[in-house]
Amino acid sequence: PITRSLLVKRHSSRDPAQKVEADRTLFVTHLDNFVTEAQLSRCFAAAFGLVEKVELKSVEKKAPKAEQRADKVRLHVNFARVVFKDGASVDKALDAADGRISGAAVLPLPMSALREQVKAEKSLYRDAVELRQEIDEWMAGYDARQDEKRRLARESAMVDEDGFTKVVSGITRTADGFSIRSVRR
């Protein structure tokens, strides 16, 4: 499962018109781009109490690094104001925001994001039958290469007509167990 931590705090406003509902308002940030006001409303209403309204806002920020700014990288910060019908709901939400994952408040991913995630996870792993076949073929080839190396090693340890062991290159093993190392010039 994918989890995302939302940052929440009691909303405090400088605007006198919003001061009336400030004790019932929760400021939420660290939201993903796909989250909608309806999803936030359902999520917080199901977990903490009735929601009067949700105001979702997205602000573009300057990229923190000069290279990113030169590349025209755009960063968006998404946040929301969740106004509950009751001030006790804000307290419940703040009590739940102690670093533990709250199973009561779940924001669903959009179907397109879920499909992309499933497709990405499937692409990480190869088909088991194809993988097994490829491994079996590679191992058969490996065994054949090792057998060929052993055969060449036996042939390279041949004795010529004068009774001397022929040393080709590398290490040659004689029939009686001696190892002869060749020297490169």
Side-chain angles (χ1 to χ4, degrees), residues 1-139 142:
I2 298 173
T3 59
R4 176 67 175 227
S5 299
L6 301 179
L7 304 176
V8 295
K9 71 174 188 173
R10 188 176 301 274
H11 184 65
S12 58
S13 177
R14 292 182 218 122
D15 184 10
Q18 292 180 353
K19 285 196 186 267
V20 175
E21 56 189 31
D23 62 332
R24 300 180 291 126
T25 305
L26 189 67
F27 182 78
V28 183
T29 187
H30 213 236
L31 295 168
D32 291 312
N33 292 331
F34 59 80
V35 175
T36 64
E37 290 177 348
Q39 287 175 326
L40 280 172
S41 181
R42 281 194 303 271
C43 170
F44 282 97
F48 307 115
L50 294 175
V51 174
E52 186 176 303
K53 67 179 176 179
V54 174
E55 295 174 5
L56 191 60
K57 193 170 182 180
S58 182
V59 176
E60 187 176 320
K61 288 183 77 175
K62 258 181 27 177
K65 296 182 180 175
E67 309 89 54
Q68 291 175 331
R69 287 192 296 272
D71 291 340
K72 307 281 191 249
V73 172
R74 301 191 186 283
L75 301 175
H76 293 274
V77 176
N78 300 313
F79 57 92
R81 285 182 44 227
V82 179
V83 181
F84 289 97
K85 290 195 185 276
D86 183 24
S89 298
V90 173
D91 295 329
K92 277 195 235 177
L94 290 172
D95 289 342
D98 63 356
R100 291 179 289 143
I101 296 174
S102 174
V106 176
L107 285 170
L109 284 173
M111 288 308 288
S112 61
L114 284 173
R115 280 190 212 106
E116 290 298 319
Q117 180 186 357
V118 168
K119 189 187 297 182
E121 285 182 10
K122 282 185 179 180
S123 70
L124 291 176
Y125 304 102
R126 298 180 50 192
D127 182 44
V129 174
E130 291 175 8
L131 184 60
R132 171 57 61 196
Q133 183 179 4
E134 184 179 333
I135 290 170
D136 289 343
E137 289 171 4
W138 188 88
M139 289 302 294
Y142 177 81

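Values below: all heavy atoms of this structure, side chains included; hydrogens, waters and symmetry mates excluded.
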At what distance, to the nearest 0.5 angstrom, does [atom1] of [X] lie from [atom2] of [Y]?
X	Y	atom1	atom2	value
Asp32	His30	CG	NE2	8.0 Å
Leu131	Glu134	CG	CD	6.5 Å
Leu26	Lys92	CG	NZ	13.0 Å

Val8 and Val82, any side-chain heavy atoms less than 4.5 Å apart: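 No, side chains not in contact.
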Measuring only between side-chain heavy atoms, which start at C-beta, is Phe44 closer than 4.5 Å to Val28? yes
Is a side-chain donor or acceptor of Arg24 paired with a backbone partner of Val83 at a separation under 3.5 angstrom?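 Pair absent, no side-chain N/O of Arg24 close to backbone of Val83.
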Without swapping roles, check the side chain of Thr29 against the backbone of Phe79 for a donor-acceptor pair under 3.5 Å.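 No: the side chain of Thr29 does not pair with the backbone of Phe79.
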List for me each residue that meets side-chain hydrogen bond (donor to acceptor under 3.5 Å, both in side chains) alongside [X], sequence neighbours excluded, and say none if there are none.
X	answer
Glu37	none
Glu60	Arg74
Arg132	none

Cationic N near anionic O, under 4.0 Å, Lys57 to Glu55: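 Looking at Glu55 together with Lys57, the answer is no, because their closest N to O distance does not fall below 4.0 Å.
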Ion pair present between Asp23 and Arg10, side-chain N to carboxylate O less than 4.0 angstrom?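 Judged by the 4.0 Å cut-off on N to carboxylate O distance, Asp23 and Arg10 do not form a salt bridge.
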Show the nearest heavy-atom pair for residues [X] and [Y], with the distance to one decimal.
X	Y	result
Leu94	Lys9	CD2-CA, 3.9 Å
Val51	Ala45	CG2-N, 3.7 Å
Ser89	Gly49	OG-CA, 3.6 Å

Should Leu40 and Leu56 be marked as a side-chain contact (heavy atoms from CB on, under 4.5 Å) after you check the CA-CA gap, both sets of side-chain angles, and the distance that decides it? CA-CA 9 Å; Leu40 280 172; Leu56 191 60; 3.9 Å; yes
